[in-house]
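Values reported hereafter were calculated over all heavy atoms of this structure, with side chains retained and with hydrogens, waters and symmetry mates removed. Treat the numbers as computed from the prediction; the structure is a model and nothing was measured.
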2 protein chains.
Amino acid sequence: MTDVPRRQPTLDEVAERAGVSRSAASRALNNAPHVSAEKRAAVQRAIRELDYVPNTTARSLATRQRGAVALVISGEAPSIFADPFFAKVIVGASAALEEADLHLMLCLAASDRSRRRLAELLRARGVDGAMLMAVRENDPVLQIARESEVPVVFGGRPPGFEAPWYVDVDNAGGARQAVEHLLARGRRRVGMICGLPDTEASRARHRGYREAVILAGLQPLPPEYGDFTEPSGTAALAALLTRHPDMDGVFAANDNMAAGALRALRGAGRTVPGDVAVVGFDDLDIAQIAEPPLTTVHQPIHALGNEMARMLVGLVAGAEPNSLILPTHLVTRSST
Amino acid sequence: MTDVPRRQPTLDEVAERAGVSRSAASRALNNAPHVSAEKRAAVQRAIRELDYVPNTTARSLATRQRGAVALVISGEAPSIFADPFFAKVIVGASAALEEADLHLMLCLAASDRSRRRLAELLRARGVDGAMLMAVRENDPVLQIARESEVPVVFGGRPPGFEAPWYVDVDNAGGARQAVEHLLARGRRRVGMICGLPDTEASRARHRGYREAVILAGLQPLPPEYGDFTEPSGTAALAALLTRHPDMDGVFAANDNMAAGALRALRGAGRTVPGDVAVVGFDDLDIAQIAEPPLTTVHQPIHALGNEMARMLVGLVAGAEPNSLILPTHLVTRSST
DNA sequence: GTGAATCTTGGGAGCGCTCCCATTTTGCGG
DNA sequence: CCGCAAAATGGGAGCGCTCCCAAGATTCAC
C-alpha cells in the first residue's frame, strides 16, 4: 500500500496499445458514437489489459463536472448529528446518488472555519450541488446557499427563507393527526412539549397542535420547550404538570422528549395512558423501546434523504423539479 | 442559483490584472517564496477585486492531490449505520480533517455496485486516502484495501487480516474489566450475550469475558448471540435464563442488547441488580436512559474517529504513524 | 460512374493550475 | 565600480481528459 508509485496508465497509453487515436479511445471509453466496432473492441481490450481506470480529476477539469455533491449538516454537529435521523437521511440519499453515480461529500457546518470551507467548496465547484439539512433561522449557511452558483436542495424549509427547492415532511399535518388522535381518545387537557423554536419543524409541529386543539373548540396550553433530548423532555413534562395538574394528554415534538416525558410521568406516579396519554414524533427506535411503547408520528426519513438526492440529481442534470412535501402518519402504540 | 453561468475568474485573469505573470500569481496565491512584496500585494488585491477562488480540480490535476479522503462504512448500511456510533466517529474524524483542510467523502459500501464504485474511487485517485469501518471477516472491501495505492486506515482490526494501520479500542480489556467488576460484586454465574461473531470487536469482548471468568477460577458459560439490536438482547437473555436459571450476572457486548436484556429480566420478574446484575458496552445514550441506568464500558468513539483521521492525514503527508489502541473504562451505574 | 450525404478518424486546442528552468534583476563585499 | 551569489521573474511544458473540426473513407441514390 502506498509504495510503488507506478503510475496509472493514461488514455494515451490505451490508445497507443489499441492502435487508435486518443480521440477514438475516449469515444470508445464513454461509449459515444462514431467509433467502428473493431476499434471499440480493441480499445476495450487495451483497457482490460492495462487495467486502465480513467482519471476522474482530469475528466472533471475537462467536463466541468465533479461527480460529487455535498450533504451539509448545519449546526452543532456533536449534539445534532448524534441523532439517528441524519444517519437515515444519509442512507436514503446515498441510494439515490449511487444510481446517478455521484459521490457524497459530507460537510458538518458548525464552526466558522467549516462554513468558510463549505463556501469555497461550492464556489470552487468542488461539488456539483448541495443538500442542506438542519438549517435554522438566520443560519449563516443561508448566505452560502444564496450565493451558490451550484444547485442547492433544502431538507426541511428553513424558517424565514423562501427555498427554491426543498423536500420537507408534513410536520404540521402529522402534529395535527397526533393531537386529533389524543382528542379522539377523549383527552381534553392536552399539553405540548416543543423543540428548539428556531427550526421550522418545531414551529410547524406546534402549529399543528394548536390547530387541532382549536378546531376541537378547546384552549391550547402554552407549550414547554425542550432541546429534543430525553432529559429536556423530562424537565418539560414536570413543568407542564406543575402548571396543569389536570393534564390528561401530551404531545411531544419528538420521540426523545416523549420518552423523557414518560420517565417524568412514572416519577410523578401517573400512569400512561391511564392518567396521561403521550404521543411523540419521528418513530425512531426509541419509540418502540420505550415503556410503554410510544404512539408517534412516523416520518419517512429515508425517503426524505432519497428524494432530496433525486431532486439534486435532476437539478444537476438541468431539470426543473418541484419541491416536495412528504406525508407523515400516526403509528398507534400503547402510550395512548 | 445555477443561472448566470458567468465563469469564475482564472488565475491568468488575476495575473493580468495584477500586472504579473501567471507563475508569480501562483506563487503569491500559495504564498511560496520568490515573490517581491509589491507583487504579492498586487496579486492579493486582484484576488480580492475579482473575488477569485482557485479551481480545486485544476489544482488537483496538477498536484496529484485530491484534498479529500473517504470514510467507508462496510456492511448493510441501513441497519449498521443507524447506530449513533458512526455519527460520533464521523464527527471526530471531521474535526481532524478540518484542521488538515481535507474534505470527507462518505461511502456506504453495502452493495456490489457501491463496492465497485469505491474501488474505482481509490484507483482513480478520487481521494487521497481512506478510513475503513466495520470491516468483517472476508469482507469484500478487504480486497479493495489490499489493492489500494492510496493509504488506508482501519477503524477496528478486521478479523483475519493484518492491517498495516489501524485505530482500535481496547475491547478485550474493557470486557475483562466489566466482568471483573461483576465478579467483584460477588456474582458467580455470569453469562454473556455476544454480538455478531464475524466482527473482531465482538470476538475480543468475548475473549475478555472468558479471561476474567477463568482467572477467577470459574467456568465461562456458553454465550448467546445477538445482532447488536435491542430485541436480540431480549431474546438472548431469555435463552440464557432458560439454560442457567441461577445466573446472577450478564455481560452484553453492547448497550442495545443490554437494554434488551433488562427488558427480558423485567419480564421474567427478576430484579436488577438484585437478582441479576447487568453490564453493557459502548456507553451510548441508551445506557443512561435505560431502567435502571446501565453500568457499561465506555469507549472513546469520538477519539476513535479523530485518531483515524489524524493517522490518515499523517500517512497522506508521508509520515509513518503507529497503530493505536485506545483505552476503555468502566462506568458504574445502578444496574450492578 | 458521380456527387452528395453520412461515418470515421485523429490532430489539436483547451480545462486551470503547478513547477521547472533559463533569464534578468538586485544586493553587496572588495 | 566590478564580480558574483542570491532573489525575482515569466515562459512553457505538462497533469489526463474531452470535444470541436477538418479531412478522409463509405455509402447510396440516381
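Put simply, CG on Asp12(B) is 12 Å from C1' on dG14(C), counting in whole angstrom units. The interatomic distance linking Lys39(B) (NZ) with dA7(D) (C1') rounds to 13 Å, in whole Å. Here the P atom of nucleotide dG14(C) and the CG atom of Leu61(B) are 17 Å apart, to the nearest Å. For the pair Leu11(A) CG and dC15(C) P, the computed distance is 20 Å after rounding to whole Å. For the pair Arg125(B) CZ and dC17(D) P, the interatomic distance rounds to 13 Å; values are reported in whole Å. If you measure from atom CG of Asn55(B) to atom P of dG14(C), you get 17 Å, rounded to the nearest angstrom. Between the CZ atom of Arg40(B) and the C1' atom of dA8(D) there is a distance of 11 Å, rounded to whole Å. If you measure from atom CD of Gln65(A) to atom C1' of dG16(D), you get 17 Å, rounded to the nearest angstrom.
Residue Arg22(A) is in base contact, counting any heavy-atom pair closer than 4.0 Å across all strands shown. When heavy atoms are screened at a 4.0 angstrom cut-off, Thr10(B) is found touching the sugar-phosphate backbone but no base atom. The residue Pro54(A) sits close only to the backbone: its heavy atoms come under 4.0 Å of sugar-phosphate atoms, none of a base.
Between Glu98(A) and Arg117(B) there is no salt bridge, since none of the side-chain N atoms of the basic residue sits less than 4.0 Å from a carboxylate O of the acidic one. Of the charged side-chain nitrogens involved, at least one lies within less than 4.0 Å of a carboxylate oxygen, so that Asp168(A) and Arg157(A) count as a salt-bridged pair. Salt bridge status for Arg17(A) with Asp12(A): absent, with no side-chain N to carboxylate O gap under 4.0 Å.
The backbone N or O of Ile144(A) sits nowhere less than 3.5 Å from a side-chain atom of Ser148(A) that would complete a donor-acceptor pair. Remark: side-chain polar atoms of Ser323(A) are paired, donor with acceptor, to backbone N or O of Tyr166(A) under 3.5 angstrom.
Considering only the side chain of Leu29(B), dT18(C) comes nearest among dT18(C), dT9(D), dC15(C). Of the candidate nucleotides dT9(D), dT9(C), dC15(C), dC15(C) has the atom lying nearest to any side-chain atom of Arg64(A). For Ala62(A), whose side chain is taken as the heavy atoms from C-beta onward, the closest listed nucleotide among dT9(C), dG16(C), dC15(C) is dC15(C). Considering only the side chain of Ser23(B), dC19(C) comes nearest among dT18(D), dC19(C), dG10(C). When the nucleotides dT18(C), dT9(C), dC17(D) are ranked by their closest atom to the side chain of Asn30(B), dT18(C) comes out on top. Closest to the side chain of Ala24(A), out of dT9(D), dG10(C), dC17(C), is dG10(C).
Looking at which nucleotide of DNA chain D each of Val20(B) and Thr56(A) is closest to, the 5′-most match is held by Val20(B). Between Pro33(B) and Thr63(B), the residue anchored nearer the 5' end of DNA chain D, judged by the nucleotide with its closest heavy atom, is Pro33(B).
For the OP1/OP2 pair of dT18(C) and a distance below 4.0 Å, the side-chain nitrogens and oxygens of Ser26(B) include at least one atom meeting the criterion. Residue His34(A) places no side-chain N or O under 4.0 Å from the OP1 or OP2 atom of dC7(C). Between Arg59(B) and the phosphate of dT18(C), there is a side-chain N or O to OP1/OP2 separation shorter than 4.0 Å.
Atom CD of Glu13(A) sits in a crowded spot, with more than 12 heavy atoms from other residues, nucleotides or ligands closer than 6.0 Å.
Donor-acceptor pairing under 3.5 Å, judged by distance alone, is present between the side chain of Arg27(A) and the base of dG10(C).
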